[in-house]
**Q** 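Okay, here's the structure, questions in a sec.
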Amino acid sequence: MDLSLTEEQEMLKAAVRRFVDTEYPKETLLELAATGQNAPSEPWSKLAATGWLGIVIPTEYGGEGGSFTDAGVLFEELGRGPVPGPHLSSAALGALTILEAGTEEQKRSLLPDVAAGRRTISLAITEADYQWDESDVQAIAAPDGDGYRISGTKVYVYDAAAATDIICAVRTENRQHVGLALIPADAPGVSIRKLEGFAWNLAEVRLDGVQIGQSAVLSGRAMPGSSPFSGGWLALEQAVATAIPLLCAYQVGGSQQVYEMSVEYSRTRIQFGTPIGRFQRVQDHIINLVNELDSARWTTYEALWKLDTEREAADSVHLAKTVSSAAYYNACNHAHEVHAGVGSTTEYGLTLHTTASRTLYQFLGDPKFHRRRLADALGL
Amino acid sequence: MDLSLTEEQEMLKAAVRRFVDTEYPKETLLELAATGQNAPSEPWSKLAATGWLGIVIPTEYGGEGGSFTDAGVLFEELGRGPVPGPHLSSAALGALTILEAGTEEQKRSLLPDVAAGRRTISLAITEADYQWDESDVQAIAAPDGDGYRISGTKVYVYDAAAATDIICAVRTENRQHVGLALIPADAPGVSIRKLEGFAWNLAEVRLDGVQIGQSAVLSGRAMPGSSPFSGGWLALEQAVATAIPLLCAYQVGGSQQVYEMSVEYSRTRIQFGTPIGRFQRVQDHIINLVNELDSARWTTYEALWKLDTEREAADSVHLAKTVSSAAYYNACNHAHEVHAGVGSTTEYGLTLHTTASRTLYQFLGDPKFHRRRLADALGL
Amino acid sequence: MDFEPRYTAEQEAFRTEVQEWLHENIPAGIEHPADSIDLTYEQYQLRRDLGRRLGEKGWLWPTAPEEYGGGGLTVDHSVVLEEEIDGYNLSLPPYYDSGGRLGGNSILVWGSEEQKQEFLPKIFKGEIRTWQLLTEPEAGSDLANAKTSARRDGDDYVINGQKVYVGSAHGSDYMWTITCTDPEGDRHHNLSWFMVPSDLPGISVFPMDLLSSAGESGAGSGVKNIVYFDNVRVPARNLIGGENEGWKVATTHLELEHGTGGKIGRNWIVDRIFEYCKTNNRRGEPLSKDVDVRERLIDIYIDAEIGRLFQLRNYWMRHSGAHITYEGPQASYFRKQSGLRIATGILDILGPAALTKDSQWGAGEGHIEAHQRAAIIALHPGGTTDIQKVIMSRRIGIGRQQRERAGALA
Amino acid sequence: MDFEPRYTAEQEAFRTEVQEWLHENIPAGIEHPADSIDLTYEQYQLRRDLGRRLGEKGWLWPTAPEEYGGGGLTVDHSVVLEEEIDGYNLSLPPYYDSGGRLGGNSILVWGSEEQKQEFLPKIFKGEIRTWQLLTEPEAGSDLANAKTSARRDGDDYVINGQKVYVGSAHGSDYMWTITCTDPEGDRHHNLSWFMVPSDLPGISVFPMDLLSSAGESGAGSGVKNIVYFDNVRVPARNLIGGENEGWKVATTHLELEHGTGGKIGRNWIVDRIFEYCKTNNRRGEPLSKDVDVRERLIDIYIDAEIGRLFQLRNYWMRHSGAHITYEGPQASYFRKQSGLRIATGILDILGPAALTKDSQWGAGEGHIEAHQRAAIIALHPGGTTDIQKVIMSRRIGIGRQQRERAGALA
């Protein structure tokens with residue numbers, strides 16, 4: 001038993017923290033939020049240069065070949081920002097999906113670009129009947145010459161506006177298979193529209209007869225003699241299951257950051273002649289917060305450890321997402337109670353997390369979704 | 001709009017409180033709990049003499065003909081004890097069931113005795129597959145000469161050990177009807193066994209070929225030409241729906257009592273050189289408690305008002321039981337937090353409520369049961 | 001007990017009169033936007049105009065004393081008015097105005113006869129609109145720490161300082177504000193209230209950038225502002241309650257702000273989510289038939305019902321003269337906490353459709369998205385949840401033999 | 001990271017040795033009753049006997065220093081031991097004994113060499129059993145207010161006073177107690193700890209009548225007692241840590257009592273309810289297939305998993321020498337709060353079958369019923385939930401620049 005990070009992981013953690021502090025100071029984050037950009041060229045190109053975007057990609061495909069726990073450390077630190085951009089979508093979800101669903105040729109051609117940040121990916125799964133199940137995929141891939149013509153509307157797609165390519169879950173025209181197509185974001189017939197409001201980097205992706213070739217189908221799991229789309233959904237589910245703990249780590253990082261902000265504020269804000277943290281009610285907000293934080297932290301890192309050691313991890317993954325989604329959401333609420341009015345001002349920075357926590361609460365399945373899956377995994 | 005009690009209700013409230021203080025002091029309640037008796041002859045005969053046991057019974061049947069709100073006031077004050085005994089079972093549930101399900105003759109013969117406390121009733125509904133639905137009734141009434149032979153096992157029957165008569169939900173032999181039979185507790189074949197532990201006045205009632213005559217069937221709602229048992233379950237459901245807010249009022253009274261105990265203790269218990277109620281955490285336990293209490297109080301009295309004014313009350317009844325069951329349960333928990341060690345001693349008296357709150361939490365349906373019914377009542 | 005206003009024949013006749021009048025006088029285009037920050041100047045002017053016409057009839061502040069320009073009507077009349085205007089998704093007054101409920105009541109209790117004559121008719125007739133200015137950067141929960149100074153100089157006071165989180169958009173006629181008139185004085189004995197004409201030289205107003213202005217329903221407070229006072233000269237006759245007597249006035253003001261007034265009306269967001277779930281399908285079935293959705297709707301319903309009953313109780317207590325102790329902050333605390341629970345329930349039901357105001361993909365025409373933000377920010381104004389619990393504790397007498405009394409109300 | 005003890009070949013060999021030994025040495029009839037208050041004297045003696053035999057092998061306190069009679073084994077060995085004895089629904093030690101974990105550790109930190117030689121081998125070998133005596137009628141959460149007096153008189157101290165909620169049944173050999181040695185002295189500088197032989201004249205013990213003694217699992221504390229000291233003469237060499245230095249000792253004692261030690265082992269009641277729901281039917285279907293039951297089981301599972309991870313983390317921190325701050329009281333707070341939530345969930349699942357120990361109609365052979373009571377009472381011993389939060393706040397440094405340090409541990 002050893003619940004500490006390795007020396008290398010501690011070094012990675014420190015390096016990422018320095019990077020985030022330097023390249024994504026609060027002013028930058030506020031400006032990105034105000035302009036609605038989440039992957040401007042400047043800090044993003046520096047992030048790409050670090051090689052971290054290839055952290056889960058094997059070295060043979062140009063990545064770093066890190067462990068899941070290594071990647072957890074990276075995403076936790078990015079979550080402290082919260083650093084926007086398609087790092088989770090591309091470097092975790094996208095890379096893992098290509099690894100699971102791609103052919104050897106696709107892996108060789110795509111993954112080095114993903115690792116280098118030249119290509120950024122967003123996963124378009126959900127549609128109008130918003131749910132995360134295979135049966136909810138209604139976008140259609142119709143045969144068209146040598147390739148396919150894809151039509152449908154994907155909604156609430158995370159990071160779509162910042163991606164060079166969209167991996168779309170699509171159904172074959174005969175409705176028998178749900179598979180994956182890799183579509184350039186600038187392909188004719190693709191239109192991407194940001195969804196405004198309290199949503200964080202969500203977009204609608206319209207596919208209006210988008211033409212793709214055979215090679216754009218991620219067909220590494222296709223059954224011989226069957227549609228190249230066959231096996232795609234299963235591969236996606238497996239990729240998502242391994243990416244979820246990395247999303248959780250990002251939520252842990254966000255929770256850690258609002259915890260530290262709250263403790264600091266409890267020391268420096270004076271009311272009634274004393275630091276507000278001397279009042280038990282204020283203390284209790286922070287205690288509730290740290291309990292949520294630590295619950296998320298340990299369920300998440302145990303799931304990562306199970307993935308790294310190739311243990312059966314389904315229960316831990318569903319547990320981690322259930323706990324971490326609620327933890328980040330509630331952590332922000334508790335932080336708002338500590339900060340009261342000041343926390344509601346945009347300039348203070350807390351609302352960046354509040355906004356992120358809401359979108360991530362439901363992304364890849366909200367607590368009630370993962371609770372049901374957890375019950376199944378436990379054999380109930 | 002007028003949310004005050006009438007002058008008569010205030011007088012009743014004061015009279016019941018004096019009665020409880022005099023006849024059921026803590027020492028008596030502790031002794032009853034220790035001996036497992038819940039209706040010893042002494043205070044009970046005095047309670048019977050007040051006439052209050054006939055509060056919901058029309059004057060034509062020897063009762064007081066009070067309103068549901070009047071009865072709510074009575075049971076709230078009894079709940080402060082918490083006064084044990086089959087008052088709720090007999091004077092509320094039993095009386096209302098006979099009113100709903102009995103023939104005119106049965107009402108005339110039974111209700112005056114119930115009002116006078118000469119006859120005490122307990123309702124035996126639930127069985128091994130513990131649930132409150134008609135389909136769960138498996139005890140059988142088989143034709144036997146002019147009457148019936150009843151066999152089955154009723155479990156978790158509230159107040160059975162203190163009743164002279166048991167109203168049993170039974171199924172006809174052809175399984176088509178579920179109706180009600182009034183069985184003397186001392187009839188041959190009836191055996192009643194208390195269930196020990198954290199349960200409050202619950203018992204097993206075994207019916208081993210108990211013979212009853214036709215007149216023992218509460219057949220006031222029987223369809224002409226059909227079994228005398230027909231219509232019984234429906235009548236029972238209606239009676240229970242009107243009795244539930246009285247049970248809720250009892251829970252309100254219990255919550256009120258533990259609230260007052262907690263406030264008093266917060267003033268007199270000194271730790272760290274100051275009354276413990278000066279600590280915000282202790283205050284918050286009491287604030288949580290009073291919020292539960294008031295939620296139960298106002299949902300309950302609104303339901304009683306709807307019954308009195310013959311408004312559609314199903315939603316309010318299910319809401320009141322959902323809220324009041326949780327309120328009394330949680331009120332006791334909060335009170336234990338305030339009292340810490342002292343509250344755990346039997347002699348202090350808080351555990352009388354804690355024990356009562358657990359049994360009443362589920363009696364006549366727990367929160368999840370009433371939440372489902374509430375959803376139905378709201379047309380969801 | 002009677003949980004419903006008794007609708008007498010006279011009341012029902014009054015209702016008909018109100019219905020007809022509202023039907024004729026409520027103009028198109030007055031509708032509340034999803035986020036009160038989006039209320040346009042034109043919409044605001046429509047509402048002010050409606051307010052003036054209500055004021056003329058004595059229906060703007062129906063129970064306020066007639067001698068000071070109020071309606072002089074009974075509670076039963078005011079219930080009818082509130083119910084009917086609620087049907088238009090409006091409230092009384094139909095715009096943010098802390099003048100009547102908070103400032104007006106405080107002047108009724110603490111103002112001189114001359115001040116009542118001067119200010120109250122303008123307020124109760126809707127001629128003026130008043131903002132309240134309480135919070136400062138260093139005086140949030142600790143309002144008694146207000147540092148905005150008012151220094152006597154001849155027949156005037158000279159005010160300097162800064163107030164924050166001041167509602168709302170489109171200007172005010174008066175500012176109702178608490179100041180420090182004796183920086184060296186004892187706590188709670190060094191404060192004074194003023195009704196400050198908003199057009200005095202030296203006052204400047206800047207909007208704040210917030211996650212939400214917590215305008216949940218009805219009037220909504222719109223944008224919030226920072227107000228600076230730079231040597232603003234206010235006539236001494238605008239001092240309410242006497243120099244250094246401001247904390248007394250504050251107890252009245254805060255009593256009402258902390259929820260003692262109660263309220264009759266629907267919870268609009270709850271109505272909206274129930275309606276949405278009954279009329280929108282997922283996988284071919286109404287959302288309200290989904291087992292998880294039903295669970296959340298019941299959670300929401302229970303919270304809404306308890307909140308309604310607490311508000312109804314307070315409304316009745318306030319108007320029947322019942323002895324009020326902890327009930328105001330209890331209702332306020334419950335509304336704040338349950339509001340956030342309700343928001344979480346809605347997010348659970350709708351997922352990301354609750355987070356966007358996109359006209360196609362957001363639920364409830366932006367109202368749901370605005371509520372998601374507002375429910376967080378609503379935890380703080382008018383006293384944080386922690387402050388509500390501080391007051392409840394004192395009023396209940398937890399840990400103290402003497403129960404603190406509620407602030408005096410008119 | 002590694003969430004599992006690394007089971008080396010050596011460890012696995014050790015496991016085989018432990019399994020064989022336990023199989024041979026754990027007698028029939030040692031089983032824990034549902035309510036620890038029902039543990040008979042015979043059962044208790046079987047456990048004491050098992051403890052002595054474990055002590056001889058160094059397996060009773062496996063990581064305690066060998067020089068003082070402990071096992072001197074590594075954490076990896078102790079993990080194997082704890083896992084294996086957990087399989088018998090027993091723990092180390094197999095009876096309530098605050099001597100080794102609390103008193104013993106405190107003596108290791110604060111005792112003189114002579115005291116270590118005298119007391120520790122007896123403790124670590126299971127020869128003696130120790131009760132802790134802390135709470136008094138007027139000193140509950142405020143332990144520093146202890147009034148039980150110890151007055152120096154020649155080579156002895158004379159103790160007078162009363163301790164309450166003292167675990168457990170069937171007697172003790174020593175009493176580990178905090179006293180006041182200077183009634184006029186400054187708070188925190190007037191207390192002293194003693195190891196008091198239980199057979200001294202003037203000590204009397206009376207059982208208390210409680211809703212539960214909160215013996216949830218494993219050893220359980222059994223009945224709780226009031227202990228009176230009436231001019232009890234204790235040799236001065238039994239004073240641990242020095243006169244008026246008792247608060248230092250208390251910080252070590254309380255650190256462990258507040259959960260810093262962590263724990264490896266199953267949550268028996270959670271195992272039991274899952275098993276019950278999978279193997280018992282309602283309306284012909286396993287309970288675990290009912291939608292409401294599943295919801296509650298998942299609630300319970302989540303609480304249990306977080307609790308397990310907090311305990312595992314603390315176990316690892318304690319044994320790896322990691323820097324501990326708020327983690328002890330956090331785990332303790334979480335265990336208490338989640339324990340009550342779990343009890344509510346079980347009541348929701350089972351209804352009245354959770355409330356009776358009736359052999360036919362009660363669920364889980366009385367264990368469920370006992371847990372319903374214990375979960376309430378477990379909120380208080382070893383520091384109330386409120387006290388856990390007081391300590392967490394200081395350790396985190398909420399509202400203070402200086403973070404309070406954890407108590408010293410051996």
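We name chains A, B, ... by the order of the sequence lines, and we start the count at 1 in each one.
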**Q** Under 4.5 Å between any side-chain heavy atoms of Phe279(A) and Thr274(A), yes or no?
**A**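 In contact.
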
**Q** If the threshold is 4.0 Å, N to carboxylate O, is there a salt bridge linking Arg308(D) and Glu305(D)?
**A**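 Looking at Arg308(D) and Glu305(D), the cut-off is met.
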
**Q** For chain D, which of Leu378(A), Leu319(A), Ile276(A), Thr268(A) has the most heavy-atom pairs under 4.5 Å?
**A**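 So the answer, after comparing Leu378(A), Leu319(A), Ile276(A), Thr268(A), is Leu378(A).
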
**Q** Among Gln283(A), Gln9(A), Arg371(A), which has the most heavy-atom pairs under 4.5 Å with chain D?
**A** Arg371(A)

**Q** Pick from Val263(A), Thr69(A), Asp308(A), Asn291(A): which one has the most heavy-atom pairs with chain D under 4.5 Å?
**A** Asn291(A)

**Q** Look at atom CZ of Arg405(D) and say whether more than 12 heavy atoms of other residues, nucleotides or ligands are closer to it than 6.0 Å.
**A** no

**Q** Any idea which of Val282(A), Thr6(A), Thr309(A), Val290(A) has the most non-hydrogen atom pairs under 4.5 angstrom with chain D?
**A**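 With the most close heavy-atom pairs to chain D, the winner is Val290(A).
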
**Q** Please lay out, stage by stage, how Arg80(A) and Asp21(A) fare under the test salt bridge (charged side-chain N to carboxylate O under 4.0 Å, His left out).
**A** CA-CA 10 Å; Arg80(A) 288 175 64 101; Asp21(A) 288 348; over 6 Å; no

**Q** Look at Phe334(D), Tyr326(D), Tyr315(D) and state which one has the largest set of heavy-atom pairs under 4.5 Å with chain A.
**A**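 Among the listed options, the one with the most contacts to chain A is Tyr326(D).
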
**Q** Closer than 4.0 angstrom, basic N to acidic O: yes or no for Glu337(A) and Arg281(A)?
**A**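 A salt bridge is absent here (no side-chain N lies under 4.0 Å from a carboxylate O).
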
**Q** By a 4.5 Å heavy-atom criterion (distance strictly below it), what part of Leu312(D) contacts chain A: side chain, backbone, both, or neither?
**A**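 Both parts, backbone and side chain.
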
**Q** I'd like to know if Lys306(A) and Asp315(A) make a salt bridge, using a cut-off of under 4.0 Å between side-chain N and carboxylate O.
**A** yes

**Q** Tell me, for Asp70(A) versus chain D, whether the close heavy atoms (under 4.5 Å) come from the side chain, the backbone, both or neither.
**A**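 No part of it gets close to chain D.
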
**Q** So for Trp305(A), is it side chain, backbone, both, or neither that comes closer than 4.5 Å to the heavy atoms of chain D?
**A**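 For Trp305(A), side-chain heavy atoms alone lie under 4.5 Å from chain D.
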
**Q** What part of Arg395(D) is in contact with chain A, defined as an atom under 4.5 angstrom from a non-hydrogen atom: side chain, backbone, both or neither?
**A** neither

**Q** Using 4.0 Å as the upper bound for N to carboxylate O, is an ion pair formed by Arg341(D) and Asp348(D)?
**A**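 Salt bridge: no.
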
**Q** For His353(A) and Tyr328(A), take the angle between the two ring planes, folded into 0 to 90°, and tell me which bin it lands in: parallel under 30, tilted 30 to 60, perpendicular over 60.
**A** perpendicular

**Q** Which one wins on heavy-atom pair count under 4.5 Å against chain A: Asp386(D), Val390(D), Asp299(D), Leu297(D)?
**A**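 Result: the option with the highest number of such pairs is Asp299(D).
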
**Q** Determine the option with the most heavy-atom pairs under 4.5 angstrom with chain A, choosing from Gln401(D), Met392(D), Gln330(D).
**A**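 When all of Gln401(D), Met392(D), Gln330(D) are compared, Gln330(D) has the most.
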
**Q** Please determine if Arg296(D) and Asp290(D) form a salt bridge, counting it only when a charged side-chain N lies under 4.0 Å from a carboxylate O.
**A** no

**Q** At a heavy-atom separation under 4.5 Å, does Lys278(D) approach chain A through its side chain, its backbone, both, or neither?
**A** side chain

**Q** With a 4.5 Å cut-off on heavy-atom pairs, point out which of Ser320(D), Cys277(D), Ser393(D), Pro286(D) contacts chain A the most.
**A** Ser393(D)

**Q** With only heavy atoms counted, which part of Arg297(A) is less than 4.5 Å from chain D, the side chain, the backbone, both or neither?
**A**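 Interface part for Arg297(A): neither.
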
**Q** Side chain, backbone, both or neither: which part of Glu264(A) has an atom under 4.5 Å from a heavy atom of chain D?
**A**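 Neither part; nothing is under 4.5 Å.
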
**Q** With respect to chain D, which residue among Thr322(A), Asp294(A), Val323(A) yields the maximal number of heavy-atom pairs within a distance under 4.5 Å?
**A** Asp294(A)

**Q** Could you tell me the separation between the CD1 atom of Ile387(D) and the OG atom of Ser141(D), rounded to the nearest 0.5 Å?
**A** 4.0 Å

**Q** Could you look at Ile302(D) and say if it's the side chain, the backbone, both or neither that has a heavy atom under 4.5 Å from chain A?
**A**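 Both backbone and side chain.
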
**Q** Please determine which of Gln19(D), Glu12(D), Glu17(D) meets the side-chain hydrogen bond (donor to acceptor under 3.5 Å, both in side chains) test together with Arg15(D).
**A**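 Considering Gln19(D), Glu12(D), Glu17(D), a side-chain hydrogen bond (donor to acceptor under 3.5 Å, both in side chains) with Arg15(D) is found only for Glu12(D).
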
**Q** Pick one of side chain, backbone, both or neither for Glu327(D), based on which atoms fall under 4.5 Å of a heavy atom in chain A.
**A**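 It is neither, since no heavy atom gets under 4.5 Å.
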
**Q** Under 4.5 Å from any heavy atom of chain A, what part of Ile396(D) do you find: side chain, backbone, both or neither?
**A** both

**Q** Measuring only between side-chain heavy atoms, which start at C-beta, is Val291(D) closer than 4.5 Å to Arg372(A)?
**A** yes

